[in-house]
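Remarks on the structure that follows.
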Amino acid sequence: MKSFEFTISGNRYEVELKKFEENIAEVEVNGTPYIIEVHRELKIPKTPKLVRSEVITTRAESKIKKTIAPVYNILSPLPGIVLQVFVKENDSVKKGEKLVTYEAMKMENVVLADKDGVIKNIRVTAGQSILQGDVLMEIA
(Lines give C-alpha, C1' and ligand atoms only; values in the text may rest on other atoms or scores of the structure.)
Protein backbone atom coordinates (compact mmCIF):
# COMPACT_ATOMS: atom_id res chain seq x y z
CA MET A 1 0.00 0.00 0.00
CA LYS A 2 2.30 2.79 1.27
CA SER A 3 5.92 2.71 2.36
CA PHE A 4 7.54 4.97 4.95
CA GLU A 5 11.02 5.36 6.47
CA PHE A 6 11.36 6.30 10.13
CA THR A 7 14.38 7.00 12.31
CA ILE A 8 13.72 6.35 16.00
CA SER A 9 16.54 6.80 18.54
CA GLY A 10 19.10 6.66 15.72
CA ASN A 11 17.69 3.40 14.30
CA ARG A 12 16.28 3.37 10.80
CA TYR A 13 13.00 1.51 10.12
CA GLU A 14 11.29 0.74 6.81
CA VAL A 15 7.53 0.53 7.40
CA GLU A 16 5.06 -0.71 4.83
CA LEU A 17 1.35 -0.13 5.49
CA LYS A 18 -0.51 -3.23 4.25
CA LYS A 19 -4.09 -2.67 5.41
CA PHE A 20 -5.89 0.03 7.40
CA GLU A 21 -9.52 -0.25 8.60
CA GLU A 22 -11.02 2.05 11.24
CA ASN A 23 -8.33 2.12 13.99
CA ILE A 24 -6.57 -1.23 13.22
CA ALA A 25 -3.60 -1.30 10.83
CA GLU A 26 -1.53 -4.15 9.46
CA VAL A 27 2.06 -3.01 8.96
CA GLU A 28 5.40 -4.60 8.14
CA VAL A 29 8.43 -3.13 9.92
CA ASN A 30 11.80 -4.20 8.43
CA GLY A 31 10.08 -7.36 7.09
CA THR A 32 8.27 -8.31 10.36
CA PRO A 33 4.44 -8.10 10.23
CA TYR A 34 2.56 -6.35 13.06
CA ILE A 35 -1.10 -5.59 13.78
CA ILE A 36 -1.33 -2.26 15.55
CA GLU A 37 -4.07 -0.11 17.03
CA VAL A 38 -3.99 3.54 16.03
CA HIS A 39 -5.09 6.14 18.55
CA ARG A 40 -6.62 9.00 16.67
CA GLU A 41 -7.20 12.50 17.86
CA LEU A 42 -10.88 13.41 17.72
CA LYS A 43 -11.54 16.07 15.12
CA ILE A 44 -14.26 18.56 15.93
CA PRO A 45 -16.30 19.38 12.83
CA LYS A 46 -16.63 23.00 11.82
CA THR A 47 -20.39 22.77 11.39
CA PRO A 48 -22.36 22.09 14.55
CA LYS A 49 -24.44 18.94 14.80
CA LEU A 50 -28.09 19.79 15.28
CA VAL A 51 -29.90 17.62 17.78
CA ARG A 52 -33.60 18.02 18.36
CA SER A 53 -34.96 17.57 21.81
CA GLU A 54 -37.48 14.80 22.31
CA VAL A 55 -41.09 15.90 22.07
CA ILE A 56 -43.23 14.45 24.81
CA THR A 57 -46.89 14.11 23.89
CA THR A 58 -49.83 12.63 25.66
CA ARG A 59 -52.14 10.17 23.97
CA ALA A 60 -54.88 12.79 23.56
CA GLU A 61 -52.49 15.19 21.80
CA SER A 62 -51.24 12.56 19.38
CA LYS A 63 -54.64 12.11 17.74
CA ILE A 64 -55.18 14.12 14.59
CA LYS A 65 -58.17 16.38 14.91
CA LYS A 66 -60.23 17.09 11.83
CA THR A 67 -61.00 20.73 11.35
CA ILE A 68 -63.92 21.64 9.17
CA ALA A 69 -63.42 24.82 7.22
CA PRO A 70 -66.54 26.97 7.21
CA VAL A 71 -65.84 28.15 3.65
CA TYR A 72 -64.76 26.08 0.61
CA ASN A 73 -62.96 27.89 -2.22
CA ILE A 74 -63.77 27.12 -5.87
CA LEU A 75 -60.49 27.57 -7.78
CA SER A 76 -59.79 28.20 -11.45
CA PRO A 77 -58.29 25.06 -13.05
CA LEU A 78 -56.68 26.97 -15.96
CA PRO A 79 -55.92 30.57 -16.91
CA GLY A 80 -58.52 32.16 -19.17
CA ILE A 81 -61.39 34.63 -19.45
CA VAL A 82 -64.70 34.28 -17.58
CA LEU A 83 -67.60 34.07 -20.05
CA GLN A 84 -70.59 33.64 -17.74
CA VAL A 85 -71.37 33.26 -14.02
CA PHE A 86 -74.49 31.11 -13.45
CA VAL A 87 -75.05 31.77 -9.73
CA LYS A 88 -75.51 34.73 -7.39
CA GLU A 89 -74.49 35.21 -3.79
CA ASN A 90 -76.70 33.33 -1.28
CA ASP A 91 -77.84 30.83 -3.98
CA SER A 92 -78.03 27.19 -2.87
CA VAL A 93 -76.08 24.81 -5.11
CA LYS A 94 -75.84 21.05 -5.38
CA LYS A 95 -72.71 19.05 -6.14
CA GLY A 96 -72.08 18.99 -9.91
CA GLU A 97 -74.13 22.13 -10.62
CA LYS A 98 -72.72 24.54 -13.24
CA LEU A 99 -71.16 27.64 -11.64
CA VAL A 100 -68.97 29.38 -14.25
CA THR A 101 -67.98 28.99 -17.89
CA TYR A 102 -64.65 30.36 -19.04
CA GLU A 103 -62.54 30.32 -22.18
CA ALA A 104 -59.11 28.71 -21.91
CA MET A 105 -56.89 27.69 -24.84
CA LYS A 106 -59.66 28.63 -27.34
CA MET A 107 -62.11 26.22 -25.69
CA GLU A 108 -65.08 26.80 -23.42
CA ASN A 109 -64.74 25.08 -20.05
CA VAL A 110 -67.22 24.70 -17.21
CA VAL A 111 -66.51 24.88 -13.47
CA LEU A 112 -68.88 22.69 -11.45
CA ALA A 113 -69.68 22.77 -7.74
CA ASP A 114 -67.52 20.31 -5.78
CA LYS A 115 -70.03 20.06 -2.92
CA ASP A 116 -73.48 21.11 -1.78
CA GLY A 117 -73.72 24.50 -0.10
CA VAL A 118 -74.57 28.17 -0.33
CA ILE A 119 -72.61 30.68 -2.42
CA LYS A 120 -71.09 33.15 0.05
CA ASN A 121 -68.81 35.28 -2.11
CA ILE A 122 -68.37 35.57 -5.89
CA ARG A 123 -64.97 37.01 -6.80
CA VAL A 124 -65.23 37.06 -10.62
CA THR A 125 -67.41 38.70 -13.26
CA ALA A 126 -68.01 38.01 -16.96
CA GLY A 127 -65.10 39.26 -19.10
CA GLN A 128 -62.56 39.09 -16.26
CA SER A 129 -59.17 37.41 -16.86
CA ILE A 130 -58.28 34.66 -14.40
CA LEU A 131 -55.13 32.74 -13.63
CA GLN A 132 -54.77 29.11 -12.64
CA GLY A 133 -55.55 28.72 -8.93
CA ASP A 134 -57.47 32.00 -8.60
CA VAL A 135 -60.45 31.84 -6.21
CA LEU A 136 -63.61 32.14 -8.30
CA MET A 137 -66.12 31.93 -5.44
CA GLU A 138 -66.65 30.61 -1.93
CA ILE A 139 -69.19 27.98 -0.87
CA ALA A 140 -70.24 27.46 2.74
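Nearest heavy-atom pair across A104 and P79 is CB-O, 3.3 Å. The shortest heavy-atom contact between K106 and E103 is CA-OE2, 4.0 Å. For the residue pair V124 and V135, the shortest heavy atom distance occurs at CG1-O, 4.4 Å. Counting all heavy atoms, side chain and backbone alike, A113 lies closest to V93 at CB-CG2, 4.3 Å. Nearest heavy-atom pair, I130 versus S76, reported as atom, atom and distance to 0.1 Å: CD1-OG, 3.4 Å.
With a 4.5 Å cut-off between side-chain heavy atoms of Ile, Leu, Val, Met, Phe, Trp and Tyr, the cluster of L131 takes in none. Through direct or indirect side-chain contacts shorter than 4.5 Å among Ile, Leu, Val, Met, Phe, Trp and Tyr, V110 is connected to L112.
In this structure, I74 CD1 and I122 CD1 are separated by 11.0 Å, a value rounded to the nearest 0.5 Å. Remark: Y34 OH to E28 CD distance equals 10.0 Å, nearest 0.5 Å. For the atom pair CD1 (I35) and NZ (K18), the distance works out to 13.0 Å, reported to the nearest 0.5 Å.
Contact of the M137 side chain with the V100 side chain is registered, since non-hydrogen atoms from C-beta on lie closer than 4.5 Å. Side chains of I119 and I139 form a contact here, defined as non-hydrogen atoms less than 4.5 Å apart. Between Y102 and L78, some side-chain heavy-atom pair lies under the 4.5 Å cut-off. You'll find the side chain of I24 reaches within 4.5 Å of the side chain of E37, heavy atoms only. When side chains are defined from C-beta on, T125 does not count as touching V82, because their heavy atoms never get closer than 4.5 Å.
Applying the side chain to side chain donor-acceptor pair (under 3.5 Å) definition to pairs two or more places apart or across chains, none involves residues 92-101.
Linking Ile, Leu, Val, Met, Phe, Trp and Tyr whenever their side-chain heavy atoms come within less than 4.5 Å puts I8 and V15 in one cluster. There is no path of hydrophobic side-chain contacts, each under 4.5 Å, that joins L99 to L75. Note: the hydrophobic cluster containing V118 does not contain F86 (ILVMFWY, side chain heavy atoms under 4.5 Å, direct or indirect links).
At distances below 3.5 Å, at least one donor-acceptor pair connects side-chain atoms of N30 with backbone N or O atoms of E14.
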For this session: Might you work through the side chain to side chain contact (heavy atoms under 4.5 Å, CB included) test for E21 and E26, ending with a clear yes or no?
Result: CA-CA 9 Å; E21 289 183 9; E26 292 179 18; over 6 Å; no

For this session: Step by step, work out the side chain to side chain contact (heavy atoms under 4.5 Å, CB included) result for V111 and L136.
Result: CA-CA 9 Å; V111 176; L136 302 176; 3.9 Å; yes

